[in-house]
Protein chains: 2
Amino acid sequence: MTNSKKYHHGDLTKSLLDSASSLIKEHGVESLSMRKLADVVGVSRTAPYHHFKDKNALLCALAEKGFYEQEELLCQLLKKTLPTTDLFKQYVHLYLEYAQQHSETYDLMYGRVIWKAGTPTDSLVAASRQTFKTWIDWVETLQQANILPADNSPLRIGQTTWASLHGLARFYLDGIYLDKEDLSGMVDQMIKNLCRSTH
Amino acid sequence: MTNSKKYHHGDLTKSLLDSASSLIKEHGVESLSMRKLADVVGVSRTAPYHHFKDKNALLCALAEKGFYEQEELLCQLLKKTLPTTDLFKQYVHLYLEYAQQHSETYDLMYGRVIWKAGTPTDSLVAASRQTFKTWIDWVETLQQANILPADNSPLRIGQTTWASLHGLARFYLDGIYLDKEDLSGMVDQMIKNLCRSTH
DNA sequence: AAACTTATCTTGACGGTGTCAACATTGCGA
DNA sequence: TCGCAATGTTGACACCGTCAAGATAAGTTT
């Protein structure tokens, strides 16, 4: 029975996530519907509900995947042996590059759809917390290296610094007050704003 | 014919905007539907379509109103005779206060729903541009007063600075990485990050 | 191998959405 | 007063998320 039409799909969970990923990448989150997704994967309307409690759960899974991707990316960077200042600069560039190349996932990870309109899954909350903790720990190092300001706790500085990056990403992604070509110059200026050493 | 049921409503446009405003304030933008809105106002499903081309247009109108509100608020502040540094600090506090107290409108003004998923009205674009221009002009003054960094054009500094405020607002509003009580301390730290004078 | 259980997938149905088309009513200018 | 444009109405359509009930396959126990 190697025929194309099998009753059981094989690994629907993975297929759903993969297709959903590429669907939102191409057409945006708001145009993703469970029914279309099921159709693309080649399965009936309600089949996905055996793998995800509801649409919110599926979106959370996508966001969670995003957190692990992003963390992996940044952890890889931190392994490099470079002057800490350069490391930080590359970190910032990488952060915005990720937001740019995975804009829809980024929106899901930090956006309103899940965190305000929806209800974040426990495991999503865990993933986001871990990402945040990794960041805060590194902020402490950056403070000690006199790169980030040391006039407040790592938590506070971590929050404000990340908020700055996040705001930049959002303006860029939403296309308000920020032309696409401006990004590079923008990022450089933001780095200057954030770094004590360049003052 | 002063009876409650009149065929013509009076000023439906205004009523729609008012009701929509308070509906989103209470239940969030995503739960606002044209049908429910019409029902609240006491009019049939499709009546609003004689006043707004579609839902997007109505949301744009709400956002536009927000821009004028916000600009009014800030212009009032600038009239005060205070040391420029204090003025800037109050500006930042006021910005986040506005975002906090009109969170749903703020989301509409700067968020994805209109700027990415939807299509901003011409007049909305105009309003946002004006707000931005006012800001950039003031940034120039702030640079001359040595409050904001002068190592780049007013445009660039204006973009990055605003992005920082915006990111803070979003983290706060979406409730990620930021407890409600943290806001005040957060804003103070952000001001320290942004201001040259406090370095 | 047969029987039973569980995971997976199916169709049908319900109430909700935005919005188009066709028609009714009203107020205002000629 | 007539007629037209503005404003309101109901009906219809194609979507949406998701629940309920039943079909089918795979896996487990005897």
Side-chain angles (χ1 to χ4, degrees), chain A residues 1-20 23-24 27-63 108 112-114 116-121, chain B residues 1-20 23-24 26-63 104 108 112-114 116-121:
Chain A
M1 228 45 73
T2 58
N3 211 332
S4 58
K5 283 284 177 186
K6 289 187 300 182
Y7 192 85
H8 282 87
H9 178 279
D11 194 350
L12 225 197
T13 310
K14 189 180 177 322
S15 293
L16 286 171
L17 285 177
D18 289 349
S19 293
L23 277 179
I24 64 173
H27 305 107
V29 216
E30 42 278 314
S31 83
L32 176 74
S33 83
M34 294 298 263
R35 295 167 101 110
K36 270 192 289 194
L37 175 60
D39 203 48
V40 166
V41 173
V43 93
S44 82
R45 286 167 281 144
T46 56
Y49 286 87
H50 290 269
H51 300 261
F52 298 96
K53 185 180 157 291
D54 50 21
K55 190 180 184 181
N56 177 73
L58 191 150
L59 295 181
C60 284
L62 286 176
L108 239 29
R112 175 191 176 96
V113 175
I114 287 179
K116 194 157 189 192
T119 22
T121 306
Chain B
M1 227 44 77
T2 58
N3 212 332
S4 57
K5 284 283 178 189
K6 290 187 299 183
Y7 193 86
H8 282 89
H9 177 279
D11 195 350
L12 227 196
T13 310
K14 187 179 179 325
S15 293
L16 287 171
L17 285 177
D18 288 349
S19 293
L23 278 179
I24 65 172
E26 203 151 346
H27 305 108
V29 216
E30 41 278 314
S31 84
L32 176 73
S33 83
M34 294 298 263
R35 294 167 102 111
K36 270 192 292 195
L37 175 59
D39 203 46
V40 165
V41 174
V43 93
S44 81
R45 286 166 283 144
T46 56
Y49 286 87
H50 290 271
H51 300 260
F52 298 96
K53 186 181 154 289
D54 49 21
K55 190 179 184 179
N56 177 73
L58 190 150
L59 295 181
C60 284
L62 285 176
E104 298 295 325
L108 239 30
R112 173 190 177 97
V113 174
I114 287 179
K116 193 156 189 192
T119 20
T121 306

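Below, chains carry the letters A, B, ... as their sequence lines are ordered, and counting in each starts from 1.
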Fill in: Exercise: identify the closest heavy-atom pair between A/A20 and A/L58
CB-CD2, 4.0 Å
Response to the item:
Scanning both residues in full, the closest heavy-atom pair of A/H51 with A/A47 reads CD2-O, 3.6 Å
Residues in side chain to side chain contact (heavy atoms under 4.5 Å, CB included) contact with [X], at least two apart in sequence or another chain:
| X | answer |
| --- | --- |
| A/R112 | A/K116, B/V29, B/E30, B/E104, B/D107, B/D174 |
| A/K53 | A/A57 |
| B/H27 | B/L23, B/S31 |
| B/L17 | B/F52, B/A61, B/L62 |

Fill in: Heavy-atom check, side chain of A/L32 versus side chain of A/L59, under 4.5 Å
yes
Worksheet item: Between A/R45 (CZ) and C/dG12 (P), how many Å, whole number?
Response: 8 Å
Response to the item:
Closest to the 5' end of DNA chain D, once B/T46 and A/Y49 are matched to their nearest nucleotides, is B/T46
Response to the item:
Contact check, residues 30-40 of chain B vs DNA chain D, heavy-atom distance under 4.0 Å, returns B/R35
Discussion item. With a 3.5 Å distance limit and no angle check, can you tell me whether B/N56 reaches the backbone of B/T119 through a side-chain donor-acceptor pair?
Written reply: yes
Worksheet entry | Any residue of residues 50-60 of chain A with a heavy atom less than 4.0 Å from an atom of DNA chain C | A/H50, A/H51
Worksheet entry | Closest to side chain of A/S44, choosing from D/dT18, D/dG11, C/dT10 | C/dT10
